Amino acid sequence: MRQRHPISETLKMTIIMGLYFLHDCGQDFHMCAHTYIVIPNQHPLNEKAHAASTEAVNEPDVVSLTVGDYGRWQLLMTFLLSLFSFPCTFHIYLPTFTARETKFWCRRPDNFSDLDVQEWINYSQPKGNCLIRNITSEITTASILNHTAPLIDSFMPCKEWEWDRSEVGNTIISEWNLVCDRANLTNLAEMVFLVGVGIGGVVGGWVSDKFGRKRILMGMLVAQSALAILSLLVRSYAQYVIVRLVMGLVSVSVVYAAFVLAVELVGGKWVTVAGVCNFFPLPVAYIIVSLLSLVLPNWRDLQLALSLPGCLLIFLWCVLPESPRWLLSMGRTQEAKAILEKAAKFNKRELPVDLDKLLMLNKPEMSQGDSSVSLLFKGPILKRTICLALAWFSMTIAYYGLLLNIGKFNLGNLHTTSVILAVVEVPAIALSIPILLKAGRRVPIFISMLVCGLACIASQLFTLSIKAEWTIIACLMVGKFAIGSTNMMLPIFTAELYPTVIRNLGVGGSQLSAGVALICIPYLWKLATLTPQVPMATIAALSALGGAIVLFLPETAISSPPEQIPANNGKL
């Protein structure tokens, strides 16, 4: 008989005990009887709607009655769905190292190959590394070394370069010479990727609400894996940009399809736990990329190593279910019943004797043709769409402005700084769970974004006064901790503010404004040409503004009758 490993048993018990501890704290969420997932709670507009809503609240939640709010089945599914965050985060964070700025200089001619690099730079490139002095035949290595070489005041643009390989290997910058008059092309590649993220958030969300979470999740994962491998075969910068564009589109679809599916498989306060746990892989992925880039400094090797794990997730097609709540909202009762029966058996729960009757009592929220973008701009949903767009724009600027521009702070070793700022995000994610359960949504998001803004301002004040690396790193850690918490809470808040049939569309739609913010991020540090403090001041101002905007949204953790969305007839 095989002996159980004591460490694995201890880890298993720790996870189960931790989850059941969280189950005992916090306040219950309202569950809408027809959507079977958390939706915003506000008072209806009239007494008739109030009565209908109160009656709906008192109806049983058939999904929770059948499989429970949380059990072994949900624990397994939550863990498996969180794995989908790894390949997406890898591809988002890769440019921190694959497009890392590297010291370069005009290439030495063959007859100067033995000349010291610094001596060569001092003599041939006094006007910068993009212009080289005309080298005549009388100039030799010896004349440069003894400083007798004539200082000819005639220069020409460099056409070939050499690169400092002391800290980094081959990057996309060195492979395609993205320096001097081609330097802006580095930002173009990431801008195109982030444009794909913005488009993919809307398109992927709409398709997922139409055809299901699982289909889009697995379909986009296959596309992502194929593109990751294809990016290794590109031989021109134009090809690389096209691949990155499509990669951005499919990656965000994978992330939010997995997130929405995870929160729709659980009930009660476990919606918060499942949603937050879906983001635990993010800092782990940052650390993996940072450490692996030390071992694999060449960008193609690093790309290959980080692309292979995502391919393995394709085998989860046979394990992951479709969302039973989405199936019920679409009127596909028998498919939902089959999933619930398997889940209940896995959780060792007896099926309700009147399960068929409970399922038949549920009516689709609206016909499949009603799930359209226009619903995001009707009735009370319009205000939420606008406020969430502004909040997501601000949060994205702050979060990715700090994450993707670590190298701009010049704080010594990039890998060390990257790992430190990633590690600090782990407790930020963990603390998000009790905060969301105890304090609701709006106030914690407002406070975390405000703290991020204050930390960014403090880092600039210390830069001007103390000028010590540790003070700047400490401020960045506080800012990253705070905005990391926001990055966990805002997606959950967004998902709760939209009903099932347009939930993925609503969450994806918020990515359109996030995509606009991401497009701006590669150019954020260009503002430093005005004043070095402008980029961080911009992040601070937007972070505080985004937090204030969240206060205009309804609190979804307060018990009150749920609000309905406008249907085609215009009624609430």
Side-chain angles (χ1 to χ4, degrees), residues 93-135 139 141 144-145 149 151-193 231-232 234-241 244 289-290 293-303 404-418 521-526 528-529 532 535:
Y93 199 51
L94 264 174
T96 303
F97 300 95
T98 60
R100 180 181 177 182
E101 293 184 2
T102 308
K103 184 179 179 182
F104 65 95
W105 54 88
C106 293
R107 181 180 176 275
R108 290 169 292 180
D110 293 338
N111 57 320
F112 291 99
S113 59
D114 57 343
L115 180 62
D116 179 74
V117 170
Q118 195 56 52
E119 292 285 352
W120 165 252
I121 294 174
N122 292 341
Y123 174 76
S124 64
Q125 298 154 64
K127 293 187 176 182
N129 297 337
C130 295
L131 294 174
I132 184 172
R133 193 189 303 272
N134 281 320
I135 306 297
I139 300 175
T141 299
I144 293 177
L145 289 174
L151 301 178
I152 301 173
D153 193 20
S154 176
F155 295 86
M156 59 185 297
C158 290
K159 295 183 179 179
E160 295 180 284
W161 289 268
E162 293 178 339
W163 309 86
D164 183 2
R165 304 296 188 187
S166 59
E167 293 185 6
V168 67
N170 190 33
T171 65
I172 66 168
I173 295 177
S174 60
E175 179 160 337
W176 290 302
N177 294 325
L178 305 182
V179 292
C180 299
D181 57 341
R182 290 168 56 86
N184 287 332
L185 293 179
T186 304
N187 289 333
L188 174 65
E190 288 321 295
M191 184 192 74
V192 167
F193 174 83
S231 66
L232 300 171
V234 298
R235 288 295 175 264
S236 71
Y237 182 71
Q239 294 173 348
Y240 175 80
V241 169
R244 289 293 288 176
V289 175
S290 302
S293 64
L294 287 170
V295 183
L296 302 172
N298 294 321
W299 79 271
R300 290 183 186 271
D301 297 335
L302 184 61
Q303 176 87 36
L404 301 181
N405 289 285
I406 294 174
K408 299 290 194 304
F409 295 107
N410 298 318
L411 296 175
N413 188 282
L414 175 60
H415 299 87
T416 303
T417 306
S418 177
I521 287 171
Y523 301 94
L524 180 63
W525 252 254
K526 297 290 184 182
T529 55

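Since we're looking at a predicted model, the values are computed, not measured. Residues: numbered from 1 along the sequence shown.
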Practice item. Taking salt bridge (Lys or Arg N to Asp or Glu O under 4.0 Å) as the test, write out the residues that go with Arg133, two or more places apart. Key: none

Review point. With a 3.5 Å cut-off and no angle check, do the side chains of Ser231 and Gln303 form a donor-acceptor pair?
Key: yes

Review point. Distance from Ile152 atom CD1 to Asn134 atom CG, nearest 0.5 Å?
Key: 7.0 Å

Check your understanding: Taking only residues two or more places apart in sequence, or in another chain, which ones meet Phe112 in a ring pair (Phe, Tyr, Trp, His ring centres under 6.0 Å)?
Key -> Trp120

Point to revise | Between Glu175 and Trp299, a side-chain donor and acceptor under 3.5 Å | key: yes

Review point. Any side-chain heavy atom of Val179 within less than 4.5 Å of one from Asn129?
Key: no

Point to revise | For the student: nearest non-hydrogen atoms of Asn298 and Asn170, plus distance | key: OD1-N, 2.8 Å

Practice item. Could you tell me which residues satisfy side-chain contact (heavy atoms from CB on, under 4.5 Å) with Cys158, sequence neighbours excluded, listed by chain and number? Key: Cys106, Ile132, Trp161

Point to revise | Atom of Arg182, atom of Trp176 and distance for their closest heavy-atom approach | key: NH2-O, 3.0 Å

Point to revise | Glu119: partners by side-chain contact (heavy atoms from CB on, under 4.5 Å), with sequence neighbours left out | key: Leu115, Asp116, Leu145, His147

Practice item. Report yes if some heavy atom in the side chain of Thr171 is under 4.5 Å from a heavy atom in the side chain of Phe97; otherwise report no. Key: no

Point to revise | Thr102 to Asp164 - nearest heavy-atom pair and separation | key: CG2-O, 3.2 Å

Revision key, fill the gap. Tightest non-hydrogen contact, residues Arg244 and Pro95, listed as NH2-CG, 3.3 Å

Point to revise | Contacts of type side-chain contact (heavy atoms from CB on, under 4.5 Å), residue Asp153, not counting sequence neighbours | key: Lys127, Phe155

Point to revise | Result of checking Val117, Ile135, Thr141, Asp114 against Arg108 for side-chain contact (heavy atoms from CB on, under 4.5 Å) | key: Val117

**Study point:** Partners passing side-chain contact (heavy atoms from CB on, under 4.5 Å) against Pro535 (at least two apart in sequence or in another chain)
**Key:** Leu524, Trp525, Leu527, Ala528

Point to revise | Over all atoms of both residues, closest heavy-atom pair of Phe104 and Cys180 | key: CE1-SG, 4.1 Å

Point to revise | Minimum heavy-atom distance between Gly169 and Ser174, given as atom pair plus value | key: O-OG, 4.5 Å

